[in-house]
Amino acid sequence: MKKAFLMIVAVLLLCGMASAQQHYTFNVHAWENNMPVTTQIQIDGVQQTSTQIELGAFVGDEIRGSVRIGTGTISDQAWLQVYYNESGETVSFKIYDHATGEEYPHCATTLTTGIYGWGTTSAPVILNFVTTTYTTSISGFGTGDGNWYLIASPIGEVSPTEVTTEQGNMLDENGYDLYSFDQTQDMEEWHNYKSDNFVLEPGKGYLYANHDDVTLTFAGAAYEGNGTFNLSYDGDSNHPGWNLVGNPFEETAYVDRPFYIMNPEGRFEIIAAEGQNSVEAMEGLFVVASGTGETVTFSTSAPESKGSKVAINLSDGQHVVDRAIIRFDECSQLPKFQLKTNSTKIYIPIDNQDYAVVRSEGMGEIPVNFKAEKNGSYTLSFTAENVELGYMHLIDNMNGNDIDLLQNPSYTFEANVSDSEGRFRLVFTQQ
């Protein structure tokens, strides 16, 4: 009888030990210092009380502390010691659910080593772990200077330190560039995050590049606003009316005005957008306001009518480097804008103003100007969408070539940087 009782006690002890097993294991003797942290744990804003929830503290990928809910003086809190040698390290958190085997790594709150007493039983540190995430892939620039992206947040306002990557966050120590744009600051339109810290705001776009191939992960509830944002206008600036905005939604959105997107080839160039004025999730874009009080609206509902247009794509033999568009609907015009003023470009001059997008009544003659960044061979290719043309010819003013674009929708030519920019004319008639 006594032997059986001892066996039962041993089994109960083993069960107790198993239930208290930690998923995040570490050696407490590996560090000289520790600091207490009192927390309340939430998942998507819902407080957790189960002792099956284990909290892990990390510096980078290194575990610096772990504890289960209910081990402190308050049953629904998690009290742990975070271990460290040096002050000033950033501590992030994960939780593991022993009941389901699930790990939740996305918590926006971080702490700093060396600061004693984070949280109290009456005012614990709230750690909210979110299960909804959105990702976008970034190709690293490596030893080059390309692979620039215009990005936007799909979860509303968020600090760049909370946008995670495989290595940590988007401010990767191996090398990154993050800029905001403000037309009102003459000669200093671009604000570098390294010197001017800022948060990513809904409806705004940002210029980003990373040394490595990374996946940016935005964690949190999706933006739920109406998608309308005010545009700034400063008539005295070097770039009056230009705004770097961004799709605020977690899905493809449609924009109520023409816009520029980053060249998908990854070069430091923007090109006028094609299609139904749609922009992908987490994508930034440039728009222009013609005066004060204007707005831009993003909508997840496709417009009823498809735009009719002719797109003129310019390539340098390997890459599409620029684009001009002639619209035959009610879409407004888009002035010419470049990130680099000396880039190869194609544009339409009208009334002493250069445009990337213009509107036509359906027939006539339009000048198409071209400027080469370097001597070489270039190709213009023409695509028509939702428009029937009875006649469309490209005239090369330099050599007199007359190309029937309905028969051959592309034209390859040689150009020098010293050539006149008034190179072409487009003559067309809509059926």
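As the structure is a prediction and not an experimental result, all values here were calculated from the model.
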- Task: Step by step, work out the ring pair (Phe, Tyr, Trp, His ring centres under 6.0 Å) result for Y411 and F382.
- Result: CA-CA 9 Å; Y411 177 60; F382 297 74; 8.9 Å; no
**Request:** Go through the steps to decide whether V417 and N375 satisfy the test side-chain contact (heavy atoms from CB on, under 4.5 Å), and finish with yes or no.
**Result:** CA-CA 6 Å; V417 295; N375 299 345; 3.7 Å; yes
Side chains of [Y] and [X]: any donor to acceptor distance under 3.5 Å?
| X | Y | answer |
| --- | --- | --- |
| E280 | T252 | yes |
| N313 | R323 | yes |
| Y83 | N33 | no |
| T90 | T110 | no |
| Q47 | D76 | yes |
| N397 | R425 | yes |
| Q77 | T38 | no |

Just by modelled atom types, is the [Y] backbone N or O under 3.5 Å from a matching donor or acceptor in the [X] side chain?
| X | Y | value |
| --- | --- | --- |
| N85 | E32 | yes |
| D419 | N416 | yes |
| Q183 | D234 | yes |
| T113 | E86 | yes |
| E166 | T215 | yes |
| T39 | A78 | yes |
| R423 | V368 | no |
| D256 | T297 | yes |
| D213 | G140 | yes |
| N243 | G241 | yes |

ask   = Would you find more than 12 non-hydrogen atoms of other residues, nucleotides or ligands less than 6.0 Å from E103 atom CD?
value = yes
Exercise for the section: Look at atom CG of D61 and say whether more than 12 heavy atoms of other residues, nucleotides or ligands are closer to it than 6.0 Å. Expected result: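 12 or below, so no.
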field: Ion pair check, D322 and K371, cut-off under 4.0 Å
entry: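 Salt bridge between D322 and K371, a charged N being under 4.0 Å from a carboxylate O: no.
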Between R359 and E361, does at least one N-O distance fall below 4.0 Å, as a salt bridge requires?
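Yes, charged N to carboxylate O under 4.0 Å.
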Can you name the closest pair of heavy atoms from [X] and [Y] and give their distance?
| X | Y | result |
| --- | --- | --- |
| P36 | Q81 | N-OE1, 3.3 Å |
| E250 | A222 | OE1-CB, 3.7 Å |
| L389 | A384 | CD1-CB, 4.5 Å |
| E373 | T344 | N-OG1, 2.9 Å |
| Y260 | A356 | OH-CB, 3.0 Å |
| A272 | V357 | CB-CG2, 4.1 Å |

Which residues satisfy the salt bridge (Lys or Arg N to Asp or Glu O under 4.0 Å) test with R64, sequence neighbours excluded?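 With neighbours one apart ignored, the set is E62, E89.
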Angle between ring planes, [X] versus [Y], binned at 30° and 60°: parallel, tilted or perpendicular?
| X | Y | answer |
| --- | --- | --- |
| F328 | F428 | perpendicular |
| H239 | F181 | tilted |
| Y96 | H23 | parallel |

Taking the side chain as every heavy atom from C-beta outward, state whether [X] and [Y] have any atom pair closer than 4.5 Å.
| X | Y | answer |
| --- | --- | --- |
| V37 | W79 | no |
| L231 | V245 | yes |
| E283 | M262 | no |
| L394 | N401 | no |
| Y233 | P240 | yes |
| F259 | F286 | no |
| V279 | Y254 | no |
| M282 | I151 | no |

Find the distance between [atom1] ([X]) and [atom2] ([Y]) and round it off to the nearest 0.5 Å.
| X | Y | atom1 | atom2 | result |
| --- | --- | --- | --- | --- |
| I41 | T49 | CD1 | OG1 | 10.5 Å |
| L406 | E388 | CG | CD | 10.0 Å |
| D396 | D402 | CG | CG | 10.0 Å |
| N408 | I403 | CG | CD1 | 8.0 Å |
| L178 | L200 | CG | CG | 6.5 Å |
| L150 | I261 | CG | CD1 | 9.0 Å |

Would you say the ring centers of [X] and [Y] fall short of 6.0 Å from each other?
| X | Y | result |
| --- | --- | --- |
| F337 | W242 | yes |
| F141 | H211 | yes |
| Y104 | H106 | no |
| W148 | F268 | yes |
| Y208 | Y149 | no |
| Y24 | F26 | no |
| F198 | Y206 | yes |

### Query
Among Q353, K336, E421, which one satisfies side chain to side chain donor-acceptor pair (under 3.5 Å) with Y347?
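Exactly one pass, corresponding to E421.
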_Steps toward side-chain contact (heavy atoms from CB on, under 4.5 Å) verdict (N210, M170)_ = CA-CA 8 Å; N210 197 294; M170 69 186 297; 5.7 Å; no
Residues S290, E294; criterion side-chain hydrogen bond (donor to acceptor under 3.5 Å, both in side chains); working and verdict
CA-CA 8 Å; S290 58; E294 294 187 23; 2.5 Å; yes
Residue pairs passing the salt bridge (charged side-chain N to carboxylate O under 4.0 Å, His left out) test with at least one member in residues 189-210, sequence neighbours excluded, are D177-K194, E201-K204
The complete set of side-chain hydrogen bond (donor to acceptor under 3.5 Å, both in side chains) pairs with one or both residues in residues 128-137, sequence neighbours excluded, reads D44-T131
